[in-house]
Amino acid sequence: MELSKEYDPKLVEEKIYKAWEENGYFNSEINPKRDKFVIVMPPPNVTGRLHIGHALNFTLQDIFVRFNRLFGLETLFLPGIDHAGIATQSVVEKELLSRGIKKDELGREKFLEEVWSWKEKYGNIIIEQSKKLGVSADWRRLRFTLDDKYVDAVLEAFVKYYEEGLLYRSERIINWCPHCHTAISDIEVEYFEEKSKLYYLKYPLEDGGDYIVVATTRPETMLGDTAVAVNPDDERYKKYVGKFVILPLVNRRIPIIADPSCDPNFGTGAVKVTPAHSVEDFEIGKRHNLEIITVINDVAKMVNVPECYLGLTTLEAREKIIEDLSKDGLVERIEDYTHSVGHCQRCGTVIEPLVSKQWFLSMETLAKEAKEAVKSGKVKIIPDKWVKVYFNWLDNIRDWCVSRQLWWGHRIPAYYCDDCGEVVVSKEKPEQCPKCGSKNIHQDGDVLDTWFSSALWPFATLGWPEKTPELGYYYPTSLLITGYDILFFWVARMVWSGMHFMKEEPFKVVMLHGLVRDEKGRKMSKSLKNIVDPLNLIEEYGADALRFTLASLSTLGGQDINLSKERLKASRNFINKIWNASRFVLMNLEDFNPNEIKEDELELEIEDKWFLSRLNKHIKTEVEYLKDYDVGEAARKLYEFVWGEFCDWYIELSKLRLYSDNVSKKKTAQFLLWKSLISILKMLHPYIPFVTEEIYSYIPNVDKPLIKAPFPQVEEAYINDEVERKADFIFQVIKGIRSIKAELGLPLITELNASYFSLSEDEKSLIEQEKDKVMKITKVKDLSFVEEKPDRALRSVILGTTVYVELPFEFDLEKEKEKFIKKLESVDKELKAINSRLLNPSYLEKASKDVIEKDKRLALELEKTKLVLLNHIEDLGGK
RNA sequence: GGGCGGAUAGUUCAACGGUAGAACGCUUGCCUUACACGCAAGAAGUUAGAGGUUCGAAUCCUCUUUCGCCCA
């Protein structure tokens, strides 16, 4: 077998993925005998291309999925696609327009045909792209929010809510996007601070002479004013309350009313009230029974207004109205003003609050259910800082406007009788009106908010409302992973839907991760040109490198991730390192059969015991981190362990035996390398599945594939702190000798004599025992115990031991002395700190025993080192 | 206006109550029969600032500065 020196993901990833998929390794079957682990994938938009946010989201999910698969759980990763109402409709609309076809001329049915054919053509691109990342989802179960069965679930939910009185149709003020030409919900409005003007307008009092001055940012809405409001406690205006003003330009007589929502500090303290075009004013209007006069239509043009303003855009109307009012001297002044303006989240257009008849989902009961699920611990939110945000949102929630004036989506199952106006809500179109018997019935033309359907995702994908075996086995799901940006849009709504329809939580844990930003922490955006395409990154560094980068940058706190090329390079190098370490092991396994080895009869060297202890500790911590959902720390720890301990020390030390003639020692080393590598590959596999599976395929005497292999068991008996300390001492001795050579600029291969002296019997016997190893690895010719300091030797102090490296030439004694003085200073500083602690009665009383023990041991070691250092400084001529 | 998060080595990030770590970059020496996407050795930090709690604080509390998010 010849493996290349450099790992090339391009030669591996596609092949491996194909093999996994073809062999059905991602598939899950109902298996009541086994514990299950279920993740439903947040469905990406059907219009979508894989972006870096998906890459992070999918990577995290796939890590948990793969771990649980290795742990032997029946693991379902259920993928899906969202129809994404507005987004998809506008993409197809634009596409048609580019061919000169207008949506409205085409008609609803033909248009929907076009969208479907577009969906068939492009809708699965993101699925294919996510496969490049290694996503191990059960693709057979792919769901789409407009699948027949899913549509049925959505209609079922709508009808049930309606029957329970939670859904109602009402004329209320809503957020209207004049560009998307639809109502949107409160959370789809984004507010930005904008520089604007505050206009002070004079409204003449009915009884003549006097004016009342109102301040407004939107003078064009004055044509729809039906009152002027002041705060009831505002002394300035008390005398006016109950009187009337004559609305300029339209000469309407409107009352001056007192309402507590008026802020006396805003403007003049008096505000104009336009119930049809302001959310706050609508509320005031309701309280005071004001007339609602609509003066702006659904494309943001003026209606129901005097001829000269009719059909103007709101901005044109604003200018003309100010001009006209000025002529009459009714504009008191205009100030610069900054305020926040609502924009459509999708298209950025300024939102027009309009009064319109829409379907609303009543939030009171559902919000309560959503809160209860988290309060009771049925749903756990990680990190828990989001719990407060979640409650806060639910506490202040308003009824959810769920109807959208679109064609693409779930058409609202409400039918209206053209003759008597009766409303029937049902999955099927009624034959005739149940009230008057008329057959002139038409269906509501609107569709539902996309989020209304995705709120049902965890159970509708499993067959609800049918009581399918899937629903029985896989629900509730185990874990939901998504970005914190859709906590309200999606997570909260899924929670209440699950609690309401299933009476059980949709998922036991929801893990919210951060957003991916550029290396400077800026949001990725087209205008900044800092968008990175994950597919390019995969092309350049490999999917494993991208996955490992994203995983290792994740934090338990769900912080945003700043992605940089440097980090990707580091991950790519790490993967190459693993590749080469494995290649090394495999190269040395050619004449080896693990079946010939009895593990409990092996003669273990100190480095074996050390490494087995380290390895088992890491298997343990790996599992612990994952139980705590700390993927990032788990990945980072693994990196340090594999590179810093396995590669740098264990493999290096194993060479001494692999290249020796001692057959039994060689076989021991081979066996342990074989065994360790298998464990390491298993631990790494969830993060970097491709390279690990590829390497695993070359490993002799293991059951393949890795994706289905059992996770390594912790072998407690190997965990041994004492051994670790001893080995560490030897490593320090090795480093000491290397350091001396390096400081002199000598290549490591320069052969020199070394010797040592030790105050400690333990240290002395350890060195005696491991002498050959140390000599070989540091390339020194000798390492004998000496009572007397050799001539011309540089020294290195490790605990109570001094290692001398003898030199064939003179060197700078002063420099050597300074090195020790510097070291003494730091030892002294630390020792003083520890000693003062150990002399402090309240420390001894209050600190934990472990900490005190550790301090005491450290103090002893430092004392020893200090003594040795003092000797050397004295010997080199004193301070 | 209310809330949340960040500020730690030149850079990107860890550590979340017991001696501040890694990666990249930098310096020096090495193509040592796994790897130059590498090896070895090094330099580099009053943990934004000021108070407080504690035997002990980067870590907990308060305030300030600053950057960023969310909600109204």
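Keep in mind that this is a model prediction, so the values were computed, not measured. Letters A, B, ... mirror the listed sequences (proteins, then strands); counts begin at 1.
Evaluation of the ring-ring contact (aromatic ring centres under 6.0 Å, His included) test over residues 731-750 of chain A, restricted to residues two or more places apart or in two chains, returns A:W610-A:F731, A:W649-A:F731.
Under the Watson-Crick or G-U wobble criterion, with both distances below 3.5 Å, B:A58 is left unpaired in every strand shown. Pairing of B:G68, defined by two Watson-Crick or G-U wobble distances under 3.5 Å, is identified with B:C4.
Listed pair A:Y659 / B:A34 meets the phosphate criterion, a side-chain N or O lying under 4.0 Å from OP1 or OP2. Between A:K5 and B:A36 there is a side-chain polar atom (N or O) within less than 4.0 angstrom of OP1 or OP2. Checking the phosphate oxygens (OP1, OP2) of B:C24, no side-chain nitrogen or oxygen of A:K569 falls inside 4.0 Å. Listed pair A:S739 / B:A40 fails the phosphate criterion, with no side-chain N or O lying under 4.0 Å from OP1 or OP2. For B:C39, one of the phosphate oxygens OP1 or OP2 lies less than 4.0 angstrom from a side-chain nitrogen or oxygen of A:W643. Proximity of A:N573 to the phosphate of B:G38: a side-chain N or O atom is located under 4.0 Å from OP1 or OP2.
For the side-chain contact (heavy atoms from CB on, under 4.5 Å) test with A:E825, the passing option among A:V827, A:D828, A:I821 is A:I821; the others fail.
The residue among A:F489 and A:S842 whose nearest nucleotide of RNA chain B is located toward the 5' end is A:S842. Nearer the 5' end of RNA chain B, as judged by each residue's closest nucleotide, is the contact made by A:D630, out of A:R583 and A:D630.
Looking at heavy-atom distances under 4.0 Å, A:A581 makes contact with a base. If you check every strand for non-hydrogen atoms under 4.0 Å, A:V389 touches nothing. As judged by a 4.0 angstrom heavy-atom cut-off over every strand, A:S552 is placed among residues making no nucleic acid contact. A:Y639 comes within 4.0 angstrom of sugar-phosphate atoms only, judged by non-hydrogen atoms across all strands, and of no base.
The A:R738 side chain lies nearest to B:A40 when the options are B:G18, B:C4, B:A40. For A:R572, the listed nucleotide lying nearest its side chain is B:C37; candidates were B:G18, B:A41, B:C37. Closest to the side chain of A:D648, from the set B:A34, B:C39, B:A23, is B:C39. Closest approach to the A:K735 side chain among B:G38, B:A41, B:C4 is made by B:A41 (side chain taken as heavy atoms from C-beta onward). Residue A:K385 places its side chain closer to B:C4 than to any other of B:A40, B:A14, B:C4. Considering only the side chain of A:N576, B:C37 comes nearest among B:C37, B:A14, B:A22.
Look at CD on A:E188: it is 17 Å from C1' on B:C70, rounded to the nearest Å.
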Query - Evaluation steps, salt bridge (charged side-chain N to carboxylate O under 4.0 Å, His left out), between A:D281 and A:K286 - result: CA-CA 8 Å; A:D281 293 5; A:K286 259 205 312 204; over 6 Å; no

Report task. Would you please test A:F641 and A:Y650 for ring-ring contact (aromatic ring centres under 6.0 Å, His included) and show each step? Result -> CA-CA 11 Å; A:F641 172 67; A:Y650 193 57; 9.8 Å; no

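A donor and an acceptor atom sit less than 3.5 Å apart, one in the side chain of A:E652 and one in the base of B:A34. At a cut-off of 3.5 angstrom, counting only N and O atoms as typed in the model, there is a donor on one side and an acceptor on the other between the side-chain of A:K655 and the base of B:A34.
Checking A:E280 against A:S278 by side-chain atom types alone, a donor-acceptor pair falls below 3.5 Å.
Ring geometry for A:W400 versus A:W496: interplanar angle over 60°, hence perpendicular rather than tilted (30 to 60°).
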